[in-house]
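Side-chain atoms are counted along with the backbone in the values below, which use heavy atoms only and exclude waters and symmetry mates. Because the structure is predicted, anything quoted here is derived from the model rather than measured.
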Amino acid sequence: MKTLKDVKIGETAKVVKLHGVGAIKRRIMDMGLTKGVEVYVRKVAPLGDPIEITVRGYELSIRKADAEMIEVE
């Protein structure tokens with residue numbers, strides 16, 4: 001299983017499934033990260049946290065812990 005955390009800088013991935021439950025999953029979905037959406041990884045902070053991505057035409061920074069809950073292909 002490949003997660004968003006494993007995607008390299010400059011690569012594009014497609015969201016397959018969201019793991020997590022309750023408020024955490026709802027928050028990820030509210031940010032626009034839903035099944036089938038394309039995600040482009042722009043930057044990763046020097047210590048690896050957070051990860052800056054482009055999704056649905058806007059930039060978004062997410063924590064590594066949240067990125068591990070997003071399964072991609």
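- In this structure, NZ on Lys5 lies 12.0 Å from CD1 on Ile62, to the nearest 0.5 angstrom.
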For this session: Kindly determine whether Thr3 and Val72 satisfy side chain to side chain contact (heavy atoms under 4.5 Å, CB included), including the steps that lead there.
Result: CA-CA 5 Å; Thr3 64; Val72 297; 5.7 Å; no

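- To the nearest 0.5 Å, atoms CD1 (Ile9) and CD1 (Ile53) are separated by 13.5 Å.
- The minimum heavy-atom distance linking Gly32 with Val55 is given by the pair O-CG2, 3.8 Å.
- The structure places NE2 of His19 at 13.5 Å from CG of Asp66, a figure rounded to the nearest 0.5 Å.
- Proximity of Val39 to Thr54: side-chain heavy atoms (C-beta onward) are nowhere separated by under 4.5 Å.
- For the pair Glu38 and Lys14, the salt-bridge criterion is not met [side-chain N within less than 4.0 Å of a carboxylate O].
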For this session: Tell me, with the steps shown, if Ile51 and Val7 meet side chain to side chain contact (heavy atoms under 4.5 Å, CB included).
Result: CA-CA 10 Å; Ile51 299 167; Val7 179; over 6 Å; no

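- One hydrophobic cluster, built from ILVMFWY side chains closer than 4.5 Å, cannot hold both Val16 and Ile70; they sit in different ones.
- In terms of heavy atoms, Thr34 sits closest to Arg56 at OG1-NH2, 2.5 Å.
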Problem set entry | Intermediate values then yes/no, side chain to side chain contact (heavy atoms under 4.5 Å, CB included), Lys2 and Glu73 | CA-CA 7 Å; Lys2 186 176 177 182; Glu73 63 179 13; over 6 Å; no

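- Heavy atoms of other residues, nucleotides or ligands lying less than 6.0 angstrom from NZ of Lys35 number 12 at most.
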Problem set entry | Full working for side chain to side chain contact (heavy atoms under 4.5 Å, CB included) between Leu18 and Met69 | CA-CA 6 Å; Leu18 297 175; Met69 294 183 207; over 6 Å; no

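- In terms of hydrophobic clustering, with Ile, Leu, Val, Met, Phe, Trp and Tyr side chains grouped at heavy-atom distances under 4.5 Å, Leu60 and Val44 are assigned to a common cluster.
- Within the 3.5 Å criterion, the main-chain N or O of Lys64 finds a donor-acceptor partner in the side chain of Asp49.
- Arg42 and Ser61 share no donor-acceptor pair across their side chains, judged by distance under 3.5 Å alone.
- Ionic pairing of Asp30 and Arg27 is not present here: no N-O contact between side-chain nitrogen and carboxylate oxygen is shorter than 4.0 angstrom.
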